[in-house]
Protein chains: 2
Amino acid sequence: MSDLLERLRGRGWRMTAQRRVVAEVLDGEHVHLTADEVHARAVDKLPEISRATVYNTLGELVTLGEVLEVATDKRAKRYDPNAHQPHHHLVCARCGAIRDVHPTGNPLADLPDSERFGFTVSDVEVTYRGTCPNCATA
Amino acid sequence: MSDLLERLRGRGWRMTAQRRVVAEVLDGEHVHLTADEVHARAVDKLPEISRATVYNTLGELVTLGEVLEVATDKRAKRYDPNAHQPHHHLVCARCGAIRDVHPTGNPLADLPDSERFGFTVSDVEVTYRGTCPNCATA
DNA sequence: TCCTACAATGGACAATGTCTAAGTCAAGCA
DNA sequence: TGCTTGACTTAGACATTGTCCATTGTAGGA
Ligand SMILES: [Mn+2]
Ligand SMILES: [Mn+2]
Ligand SMILES: [Zn+2]
Ligand SMILES: [Zn+2]
């Protein structure tokens, strides 16, 4: 994600080896890692990087809107670099595999006023659950 | 929820003061407490109840399908006694208030085969986010 | 090259959740 | 009613996830 690094430089970020490595780890499709998974992969590339730095960097990326936090499992937060294309998630209940999906329709329109309790509703997250092909054959 | 207690007795549960108190705490509408919130309220009614028992009891209720785990916030799991009426959630991004909602339509039908990656999809959770009336005026 | 404000580090601490060994008691039975 | 027993509860250790801070290091401009 060199374009991510470009944007961050433009926002006044100091470009450190640690931040480059975190950005590198987050690169790719269908990436939804926990903070400690990011840390483990970052350590492979830069052994002395600390947990605190990984947590700090992820938090900053979330604040800047460059990475999303998703709560697809009920344990640790997961970090999603696919922040600029709205999407939802499909999760394997067995192994935890996560895919980005793009359902048709607009779920926001499916919530009638009578079900809004006076809230201003601005966003919706949809999580599909099922069994992935791998786990189905096992 | 005396019907809940009835069902549990039918399933061979020993009826202890601790389990009665946990069931009592979970009674009501729009209830979505964390384990430690359940524990705090249980202690008001039965001061010597332990955290371990609350965690155990909640886990058993989830296994039996009498209570659902929901991941509406990205911290602790929340426990939802409204397990027998399918519903979704509306969450205040500011204060965390949670309401049960019943959107129209069927989001499962909105996920085309081409977006299923070979998964068998069995369930869908929808979380609406916004601002509650209380937080809007503040 | 030097300065300095920003960033990284290690470790303490907090919050949430899991596990176990030992003691307790609900419920069936004599 | 009073045993007996295995299910249940308890306290606290431990694990995982996340936050904070004092100290040390360094990116990038002067
Ligand atoms: Mn995603
Ligand atoms: Mn609910
Ligand atoms: Zn799977
Ligand atoms: Zn609110």
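Proteins come first, then strands; the chains are lettered A, B, ... in the order of their sequence lines, and each starts at number 1.
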Next item on the list: At the 4.0 Å heavy-atom cut-off to chain B, mark where contacts on DNA chain C begin and end, going 5' to 3'.
Entry: C/dA15 to C/dA27

Margin query: If you assign each of B/R75 and B/Q18 to its closest nucleotide in DNA chain D, which residue comes earlier from the 5' end?
Written below: B/Q18

Checklist line | Given DNA chain C, 5'-ward residue of the pair B/A76 and B/A17, judged by closest heavy atom | finding: B/A76

Next item on the list: State which residues pass ring-ring contact (aromatic ring centres under 6.0 Å, His included) with A/H88; sequence neighbours excluded, sorted by chain then number.
Entry: none

Note to self: Counting only heavy atoms and a strict 4.0 angstrom limit, can you tell me which residues of residues 8-15 of chain B come near DNA chain C?
What the structure shows: B/R14, B/M15

Note to self: Just to be sure I understand the geometry, which residues of residues 51-65 of chain A put a non-hydrogen atom under 4.0 Å away from DNA chain C?
What the structure shows: A/A52, A/T53

By side-chain contact (heavy atoms from CB on, under 4.5 Å), which residues pair with [X], not counting sequence neighbours?
X      : result
B/E29  : none
A/R20  : A/L5, A/M15
A/T104 : B/D110, B/P112

Note to self: Using a 4.5 Å cut-off between side-chain heavy atoms of Ile, Leu, Val, Met, Phe, Trp and Tyr, which other residues end up in the same hydrophobic cluster as B/V70?
What the structure shows: none

Margin query: With salt bridge (Lys or Arg N to Asp or Glu O under 4.0 Å) as the rule and sequence neighbours excluded, what pairs involving residues 78-89 of chain B come up?
Written below: B/E37-B/R78, B/D73-B/R78

Item checked: Spacing of A/R19 atom CZ relative to D/dG25 atom C1', expressed in whole Å -> 14 Å

Margin query: For residues 39-82 of chain B, which residue pairs pass the ring pair (Phe, Tyr, Trp, His ring centres under 6.0 Å) check, not counting sequence neighbours?
Written below: none

Notebook entry, point to check: Could you give all pairs that pass the ring pair (Phe, Tyr, Trp, His ring centres under 6.0 Å) test and reach residues 95-137 of chain A, with sequence neighbours left out?
Noted result: A/F117-B/H30

Checklist line | B/R11 side chain vs B/L64 backbone, donor-acceptor pair below 3.5 Å | finding: yes

Note to self: I'd like to check the side-chain hydrogen bond (donor to acceptor under 3.5 Å, both in side chains) partners of B/T53; sequence neighbours left out, ordered by chain and number.
What the structure shows: B/S50

